[in-house]
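Below is one structure, written out as structure tokens; comments come after it.
Chain A is the first sequence line, chain B the second, and so forth, proteins listed ahead of strands; every chain is numbered from 1. Not measured: the values here are computed from a predicted model.
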Amino acid sequence: EAQVTQNPRYLITVTGKKLTVTCSQNMNHEYMSWYRQDPGLGLRQIYYSMNVEVTDKGDVPEGYKVSRKEKRNFPLILESPSPNQTSLYFCATHGGGTDTQYFGPGTRLTVL
Amino acid sequence: AQSVTQLGSHVSVSEGALVLLRCNYSSSVPPYLFWYVQYPNQGLQLLLKYTSAATLVKGINGFEAEFKKSETSFHLTKPSAHMSDAAEYFCAVKAGGTSYGKLTFGQGTILTVHP
């Protein structure tokens with residue numbers, strides 16, 4: 001079964017405490033992305049990756065880092081989280097061209 | 001550059017009534033267009049997509065959308081609403097011909113279905 005998994009699903013943390021949200025896909029897709037969802041703003045792309053070791057900024061990259069050392073994994077790193085990063089985060093993957101993007105179940109992050 | 005505008009952040013209909021969710025896009029190149037649905041506490045699920053083939057696209061759960069280039073629109077419709085259609089719906093655009101897959105989303109429309 002095609003699947004995108006994210007962990008953790010829920011996280012409450014404090015300002016400045018580094019955290020990582022993991023994302024893994026089993027579809028052997030080259031393309032992966034991170035989005036954040038905020039009420040009234042829809043989903044906005046944070047970072048994307050076109051292949052292993054190839055990443056680039058999306059629309060709202062400030063305060064985030066990513067890495068792509070393996071094709072299946074695309075972790076999102078918040079080195080020093082701040083309250084304005086409280087949001088719902090989605091990882092997504094697709095195979096290129098017109099292929100459908102598949103989304104993970106989401107990670108709800110609260111930064112106090 | 002590309003953008004999406006969804007007209008109406010909330011739409012309320014009665015069960016059995018027509019559902020119409022509006023989406024207008026802007027794109028400097030021929031677009032690919034998508035509608036996604038998000039049920040409470042779940043991820044996004046693709047309803048349908050337009051990728052430059054037929055302009056009337058049929059999706060899952062009885063939804064369809066028509067691409068109208070002259071109006072830069074991609075409105076989502078369903079002839080008869082069901083209670084299970086209550087969810088948030090997102091329209092998204094991707095630049096046609098690009099492979100890396102950046103989707104630009106609208107702000108979402110919450111659909112409420114009344115008995």
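In this structure, CD in A:Q101 is found 10.0 Å from CG in B:L44, a value given to the nearest 0.5 Å. Distance check: B:Q45 CD to A:Y102 OH gives 11.0 Å after rounding to the nearest 0.5 Å. We find the OG1-OH distance between A:T100 and B:Y36 to be 6.0 Å, quoted to the nearest 0.5 Å.
By the 6.0 Å contact criterion, CD1 on A:I12 is open, its count of non-hydrogen atoms from other residues, nucleotides or ligands being 12 or less.
In this structure, the portion of B:L46 lying under 4.5 Å from any heavy atom of chain A is its side chain and not its backbone. If you measure heavy-atom distances from A:L43 to chain B, the contacts under 4.5 Å come from both the backbone and the side chain. For chain A, the nearby part of B:Q38 is the side chain; its heavy atoms alone come within less than 4.5 Å.
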Please evaluate residues B:E88 and A:Q37 with respect to the criterion side chain to side chain contact (heavy atoms under 4.5 Å, CB included), reporting the C-alpha separation (whole Å), side-chain torsions for both, the decisive distance (0.1 Å), and the verdict.
CA-CA 12 Å; B:E88 188 163 17; A:Q37 182 182 6; 4.0 Å; yes
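A:F103 and B:L103 get closest at one heavy-atom pair: CZ-CD1, 4.4 Å. Between B:N41 and A:R9 the shortest heavy-atom distance is O-NH2, 4.2 Å.
Taking hydrophobic clusters as Ile, Leu, Val, Met, Phe, Trp and Tyr residues chained together by side-chain heavy-atom distances below 4.5 Å, A:L41 does not share a cluster with A:V60. A:V4 is not connected to A:Y35 by any chain of hydrophobic side-chain contacts under 4.5 Å among Ile, Leu, Val, Met, Phe, Trp and Tyr, and they are in different clusters. Placement of B:V19 and B:I60 within a single hydrophobic cluster is found when ILVMFWY residues are connected by side-chain heavy-atom separations under 4.5 Å, directly or transitively.
With chain A as partner, the option from B:G106, B:A92, B:G108 having the largest number of non-hydrogen pairs under 4.5 angstrom is B:G106.
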